[in-house]
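For clarity, every value in this text was computed on a predicted model and none was experimentally measured. Throughout, protein chains are lettered first and strands after them, A, B, ... in sequence-line order, and every chain is numbered starting at 1.
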There are 2 protein chains.
Amino acid sequence: MAAQPSADPLLVQAAKGEKVHRPPAWMMRQAGRYMAAYRKLAGKHPSFRERSETTDLIVEISLQPWQSFQPDGVIIFSDILTPLPAIGIQFEIDETKGPIIASPISSEDGLKGLQKIDLSKVLFVGESLSLLRKEVGEKAAVLGFVGAPWTLATYIVEGGSTRTYTKIKRMSYEAPALLDALLSHIAEAIADYVVYQIQAGAQCIQIFDSWGGQLTPELWDRWSKPYIQKVVCSVKGQCPAVPLVLYANGNGGLLERMRETSVDVIGLDWTIDMLDGRRRLGDSISVQGNVDPAVLFAPKSAITEAINSVVQKAGDKGHILNLGHGVLVGTPEEHVAHFFEIARSISYENHDIYRSSQIASAALC
Amino acid sequence: MAAQPSADPLLVQAAKGEKVHRPPAWMMRQAGRYMAAYRKLAGKHPSFRERSETTDLIVEISLQPWQSFQPDGVIIFSDILTPLPAIGIQFEIDETKGPIIASPISSEDGLKGLQKIDLSKVLFVGESLSLLRKEVGEKAAVLGFVGAPWTLATYIVEGGSTRTYTKIKRMSYEAPALLDALLSHIAEAIADYVVYQIQAGAQCIQIFDSWGGQLTPELWDRWSKPYIQKVVCSVKGQCPAVPLVLYANGNGGLLERMRETSVDVIGLDWTIDMLDGRRRLGDSISVQGNVDPAVLFAPKSAITEAINSVVQKAGDKGHILNLGHGVLVGTPEEHVAHFFEIARSISYENHDIYRSSQIASAALC
């Protein structure tokens with residue numbers, strides 16, 4: 001086994017690009033409806049907001065996959081919209097429609113309701129992270145997460161989920177100063193919220209620009225990247241040692257641009273080949289992903305093969321094994337268990353891995 | 001104006017990479033619910049299958065955007081599922097759930113119901129294409145289209161639309177011979193169907209691998225590309241002069257692989273920058289796209305700017321101007337009209353266009 005250069009958890013070491021003996025593994029949407037234990041708890045507490053805003057329930061749910069599968073990362077059970085009320089934006093979750101924003105912002109007037117983030121309104125997040133650190137100890141990393149400003153703004157402007165993003169895109173053309181003011185406000189609030197999560201115990205933070213891929217790359221450069229950069233810059237100034245991961249759905253066209261945010265890790269969805277991703281990003285940044293979540297419905301041998309392929313292509317440095325998207329509802333729990341068993345059994349020393357020089361040449365084939 | 005080297009319509013010339021004076025333009029889902037004329041007709045004929053399987057209605061609907069906007073391409077109003085009954089697969093369209101396949105294929109037994117395509121069951125397609133050619137004359141190209149084998153198979157195996165593609169992906173692992181047999185059968189039928197469309201009058205064929213981007217690139221190479229290649233190879237053997245366009249949703253990770261199908265044109269969705277696309281594909285193949293359909297909700301000046309940006313990046317050879325996805329419901333018709341007016345006003349001679357050598361250097365900036 002390779003020497004461990006720091007006392008950080010394996011996941012944090014890999015995020016920082018340090019030498020590790022195997023890739024750490026966790027899954028996006030690791031806690032949730034695919035688990036029988038979660039469904040049972042959700043039966044007793046049918047409100048999503050109750051489950052995601054009550055310390056005891058957050059901790060219990062976050063620990064369900066930890067207890068069942070021992071992943072290398074335990075992410076807090078929460079939602080990217082959770083901090084919105086703390087900046088003056090009220091929302092509710094409708095069972096079928098998803099989130100509904102009470103007063104979507106469509107004009108300068110709407111900005112008046114915004115406030116500096118009131119962290120006393122999200123104490124359950126900090127409390128939960130602290131408790132998770134105690135429960136997990138040194139055995140895994142505790143992860144916090146936030147939504148990227150653009151992604152959060154889509155909800156605030158559209159009034160909820162959308163398939164077309166036409167209101168916010170129209171705003172970007174018709175009222176660019178308004179959208180800039182909104183995104184700047186969110187960026188400042190999210191930076192404070194990230195620092196709060198880190199101070200409470202988070203050892204790594206994932207930034208979800210879930211709807212970043214809905215922008216053309218040119219417009220992502222204009223309307224998403226600068227505000228992520230604001231968050232990263234502010235957080236790195238205060239907590240330089242905590243790695244930041246950036247993920248976007250449909251990011252095959254955005255990889256090089258995502259690197260310019262100065263995050264430590266880029267999450268790859270499953271629609272891009274890891275070898276292409278490595279070639280395009282280079283090996284001075286870490287990568288996360290990109291196993292197709294649907295492979296967890298296939299026989300165990302196919303899961304093993306998919307893991308081995310991604311691990312080989314990602315190389316032996318700076319790779320966090322993960323799915324390319326969240327766990328799907330209906331995923332068999334024993335297949336999730338298998339995923340983590342295989343992950344733990346990997347040793348870079350004994351594995352057929354592309355080393356840096358091989359990635360360049362393999363990509364040329 | 002540049003000399004025209006052939007009597008082909010502008011769209012066909014651009015598809016073949018010939019020198020043209022401006023990019024031809026059409027829109028995916030050019031006819032449809034965003035048009036008042038279509039909604040009125042749909043009120044009288046509420047069944048989608050009636051509208052898409054009755055010669056008079058197909059022709060009337062296909063010509064609605066032609067009469068309103070004079071695009072350079074008139075695509076037949078049809079559906080990728082239209083030929084399924086002709087190969088023995090029955091389906092219906094549910095207003096809310098979308099297509100429902102009566103007997104999804106899940107085992108070898110299911111293959112027994114498949115038959116060689118019976119073109120007498122899709123005569124309305126051929127008749128419509130012939131009539132469209134007469135109506136449109138030399139002023140625009142008439143386009144036919146088909147679904148790619150993988151995309152059609154997702155419906156046949158899943159039983160309809162899906163968000164997760166888990167049944168067909170599981171089949172690819174558990175019963176690869178079955179899936180191969182299904183895809184091979186579809187590929188043969190689709191090749192015959194393309195040739196039939198061409199013989200009836202189609203001057204360019206678009207292949208929609210709508211759900212190709214749901215596969216990892218490695219699995220797209222295994223489960224989509226070979227069957228598209230079968231279609232292309234068969235069609236090119238019989239109709240070498242008719243250009244083929246390949247489009248897939250979420251194809252930012254697939255571009256180089258798509259080129260290997262030997263089609264003439266690659267459609268880019270809007271999630272990849274056209275300049276990156278050109279750089280990755282080279283200039284020996286034509287490109288189509290990739291204006292964000294949401295920009296049609298923005299002021300006309302923004303539409304003009306988006307068109308100019310794509311035209312500049314695509315270069316002055318082998319570019320068909322199009323959206324990166326179908327027209328969205330709710331799109332203002334006058335903005336669609338503006339799109340085509342701007343397209344017609346372009347002259348490569350007077351436009352700030354990247355020439356081939358500039359694309360390489362611009363991509364390096």
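- A:M274 CE to B:T216 OG1: the interatomic distance, rounded to the nearest 0.5 Å, is 12.0 Å.
- In terms of heavy-atom proximity, A:R170 sits nearest to B:A298 at CG-CA, 4.4 Å.
- Listed options A:G253, A:P217, A:G252 were ranked by heavy-atom pairs under 4.5 angstrom with chain B; first place goes to A:P217.
- Contact check on A:R280 versus B:D276 returns no salt bridge, with no Lys/Arg side-chain nitrogen under 4.0 Å from an Asp/Glu carboxylate oxygen.
- Residue A:S309 touches chain B through its side chain alone, counting heavy-atom pairs closer than 4.5 Å.
- Contact of A:E305 with chain B is not made at all, since no heavy-atom distance falls under 4.5 Å.
- To the nearest 0.5 Å, atoms CH2 (A:W220) and CG (B:D273) are separated by 13.0 Å.
- Comparing B:I272, B:N251, B:V329 by how many heavy-atom pairs each has under 4.5 Å with chain A, the most go to B:I272.
- Proximity to chain A is limited to the backbone of B:L215, based on heavy atoms less than 4.5 angstrom apart.
- In this structure, chain A has a heavy atom under 4.5 Å from the side chain of B:R257, while its backbone stays farther away.
- When all heavy atoms are compared, the tightest approach of B:T166 to A:A294 is CG2-CB, 4.0 Å.
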